[in-house]
Every structure is written in structure tokens, then in C-alpha cells.
Amino acid sequence: MDRLALKLTEYTEEIAAGVVDVFQCCVSKRIKWKQLIVCLPGANQNRFLHLILSEARNLQQFKEVRVWCLDIPASAAGMTNETAMQLRDMMSSEQGLERLILIGIRLLPGALTTLSQGLRANRIGGLWLNGVRIVVADDEIMIDDEQDSEGGSEVACFIEELRQNKSLKELALDCSIISDETLSNLILALVGHPMLQRLSLNGYEGFDQTTRALCSLLDSGSCMLSTLSFRLQPTSPEKTNVGELAEAIIRHGCL
């Protein structure tokens, strides 16, 4: 048994306590897991999810945590900062996560900044943020919008932590609707990364700045990429030039 999937209609304090009891019972029977899958319900009933993740962190068994929303993308479910703190600590633990996957999740204020801090320990090997949204006050944005002071500062923090990280081997940011400028800044933060082998960037509008940033990454001399997946929607489809990127891919020679 290596996979535990929680598909609950809500995460109340009582249910969280019940799941913790299950964890402890399984430990007593020497049952171990490697992967934890948490499906969030459409309703915003996730206030006590952090209690489950806290116990999961204490077990020091899970190497992968996958959190995804049942109702994409219009769900009211949101990841609280308390939940993000538990994931951060799992990313930082010596016996902690090797991969974190978030799909269709709304990050409540402060959650992206907290998750970003988990990159500092240089232990996590894989990070997937697919279709992730940041909630700013009563509004929400996709991972983007540096024009917004709150959301922009969280995105800037995430980019800076990526710049400092040395452990990631795979990074996926698919269908997060990042602007051309923001996505290019994120890619440039990966220049010189000593371990990154797989990069996935699919479902974005923008082209020019992003492709130039990809060229810089591939031409950096220290680029370790062996897999690159991207799908971009040019802002001016009548005039696109992929020549420079194609030449950079050829020069890199390792994809």
C-alpha cells in the first residue's frame, strides 16, 4: 500500500480528527504510504485540512502530496495559509516531500508566499502548480498580475525563491494564465539552476518576452533541461518568429 486518497465532501474539525485517528491506527499496524492525494470539495469547507497535513508531516512517510479541486475552475474552495504552512514544513523536512502537486487550487492571501518559503530548504525535487489562482482580498487573479500590489508581491516572492532554489528537478506551471512579462521573469529566475531537468509551461498568452527568456535559459551554458513542454498563444498571431528559439534548442542539443 503506497497511496492514500482522501475524497471527502468537507474537512471539518471532527472529520480531521477522524483521519488523524486512522493515521495513528495504521502506524500501529506498520502500514506506510508514499503518496497522499487530497481532493478538495467545491464548497469552502477546508478550514481544518491543516490538521490532517500536520499529522501527515509528523509521520514523515509521504514523498508526494497532490491537492486538487473537484470543481475547476469556479470552485469556492481555497487553501488557507495554515494549510500552506504544513506543506511548507513538509517541503523543508529532511524526511519530507520530494514532489508537491497543486491542481485547480485557489490560494487564499499569504498562501503562495508561505509555499514559496518551502523552496529555501533545497529538498523538494518536483513542484507542479497547474491552474492555480491567488485570492487577493475579495477578488482573485491567476498566478500573475504584477500590477496588483498584494498578488504581485506574492508572485515576486515566488520568483525570487525559485531564483535561490537549487534542488528542483521538475517544474510545471500549466494553464495558470501568467502574462508574457511575468512568465519571462520566472524563466530567467531559472537560469543557472544546477538540477532542473524538466520544465512545463502550457496554456499562456504572450510570446516575445517568453521566447527570449527561453533562449537565455537554453543558452546559459549550465542548463540541464532534457524535457521542455510549452504552448504559447502569441498576442499578435499574424506575426510570429520562432527562428531564434529553434536555433537555441538546436544549440542546447539535449532536449
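Side chains are part of it too, since the values below use all heavy atoms of this structure and drop only hydrogens, waters and symmetry mates. Because the structure is a prediction, the values reported are computed rather than measured.
- Here R251 pairs with D219, E247, A248 under the side chain to side chain contact (heavy atoms under 4.5 Å, CB included) rule; sequence neighbours left out.
- By the 4.5 Å heavy-atom criterion applied to side chains, L190 and R163 are not counted as neighbours.
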Q) Between I52 and F23, does a side-chain contact (heavy atoms from CB on, under 4.5 Å) hold up when you go through it step by step? A) CA-CA 9 Å; I52 296 174; F23 281 166; 3.9 Å; yes
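- At distances below 3.5 Å, at least one donor-acceptor pair connects side-chain atoms of T114 with backbone N or O atoms of G110.
- Here the shortest heavy-atom pairing between A111 and M79 reads CB-O, 3.8 Å.
- Taken from CD1 in I249 to SG in C254, the straight-line distance is 12.5 Å, to the nearest 0.5 Å.
- Linking ILVMFWY side-chain heavy atoms closer than 4.5 Å, directly or via other members, places V22 and L59 in two distinct hydrophobic clusters.
- Defined by atom type and a distance below 3.5 Å, a donor-acceptor pair is missing between the side-chain atoms of Q86 and E82.
- The shortest distance between side-chain heavy atoms of H193 and L168 falls below 4.5 Å.
- Listed by chain and number, the residues in a side chain to side chain contact (heavy atoms under 4.5 Å, CB included) with R66 are Q35, I37, E64, W68, I101 (sequence neighbours excluded).
- When atom types are taken as modelled, the side chain of D174 and the backbone of N202 share a donor-acceptor pair closer than 3.5 angstrom.
- Under a cut-off of 6.0 angstrom, the local environment of CD in E244 is sparse, with at most 12 non-hydrogen atoms contributed by other residues, nucleotides or ligands.
- To the nearest 0.5 angstrom, S200 atom OG is 9.0 Å from R231 atom CZ.
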Q: For the pair L107 and I105, evaluate side-chain contact (heavy atoms from CB on, under 4.5 Å) and give the outcome as yes or no after the intermediate values.
A: CA-CA 6 Å; L107 299 177; I105 300 299; 4.0 Å; yes
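- If you take CG on L40 and CG on L49, they are separated by 6.0 Å, rounding to the nearest 0.5 Å.
- In this structure, the side chain to side chain contact (heavy atoms under 4.5 Å, CB included) partners of S226, at least two apart in sequence or on a different chain, are Q197.
- No salt bridge links R123 with E98; every basic N to acidic carboxylate O contact stays at or beyond 4.0 Å.
- Each of M195, R99, M224 was evaluated against K169; a single residue qualifies, M195, per the side-chain contact (heavy atoms from CB on, under 4.5 Å) test.
- Between the OG1 atom in T182 and the CD1 atom in I187 there is a gap of 11.0 Å [rounded to 0.5 Å].
- No hydrogens or angles considered: a donor-acceptor pair under 3.5 Å links the side chains of S167 and N165.
- L87 and V19 fall within a single hydrophobic cluster, where Ile, Leu, Val, Met, Phe, Trp and Tyr are joined by side-chain heavy atoms under 4.5 Å apart, directly or via other members.
- Between S220 and C223 the shortest heavy-atom distance is OG-N, 3.4 Å.
- Within the 4.5 Å cutoff, the side chain of V38 has heavy atoms near those of the Y11 side chain.
- Looking only at side-chain heavy atoms (C-beta outward), L171 and L196 come within less than 4.5 Å of each other.
- For residues 185-201, no pair satisfies salt bridge (Lys or Arg N to Asp or Glu O under 4.0 Å), with sequence neighbours left out.
- In this structure, the side chain of S54 does not engage the main chain of H50 through any donor-acceptor pair within 3.5 Å.
- Between F62 and W33, the angle of the ring planes stays under 30°, which puts this pair in the parallel group of the 30/60° scheme.
- A 4.5 Å side-chain heavy-atom check between M91 and L100 finds at least one atom pair inside the cut-off.
- Note that the SG atom of C215 and the CG atom of L245 stand 5.0 Å from one another [nearest 0.5 Å].
- You'll find the side chain of L228 stays beyond 4.5 Å of the side chain of L217, heavy atoms only.
- A donor-acceptor contact closer than 3.5 angstrom is absent between the side chains of T83 and N81.
- If you chain together hydrophobic residues whose side chains sit under 4.5 Å apart, L6 and V27 fall into the same group.
- Considering only heavy atoms from C-beta on, S184 stays 4.5 Å or farther from R212 through its side chain.
- In this structure, OG1 on T80 lies 10.0 Å from CZ on F48, to the nearest 0.5 angstrom.
- The minimum heavy-atom distance between L53 and L36, with the atom names listed, is CD2-CD2, 3.9 Å.
- Using a 4.0 Å cut-off between a side-chain N of Lys or Arg and a carboxylate O of Asp or Glu, E161 and R120 qualify as a salt bridge.
- For the pair S216 and L188, the tightest heavy-atom approach, listed with the atom from each and the gap, is CB-CD2, 3.9 Å.
- Nearest approach of A172 to N130, heavy atoms of both residues: O-OD1, 3.5 Å.
- Counting heavy atoms from C-beta outward, L129 and F158 have side chains that approach closer than 4.5 Å.
- Both L127 and V191 sit in one connected hydrophobic cluster of ILVMFWY residues. Membership requires side-chain heavy atoms under 4.5 Å apart, directly or through other members.
- Considering every non-hydrogen atom in both V65 and M90, the closest pair reads CG2-CE, 3.8 Å.
- One hydrophobic cluster, built from ILVMFWY side chains closer than 4.5 Å, holds both L214 and L162.
- For residues 51-60, the set of pairs meeting the salt bridge (Lys or Arg N to Asp or Glu O under 4.0 Å) definition, not counting sequence neighbours, is empty.
- Legend: residues meeting ring-ring contact (aromatic ring centres under 6.0 Å, His included) with F230, ordered by chain and number and at least two apart, are absent.
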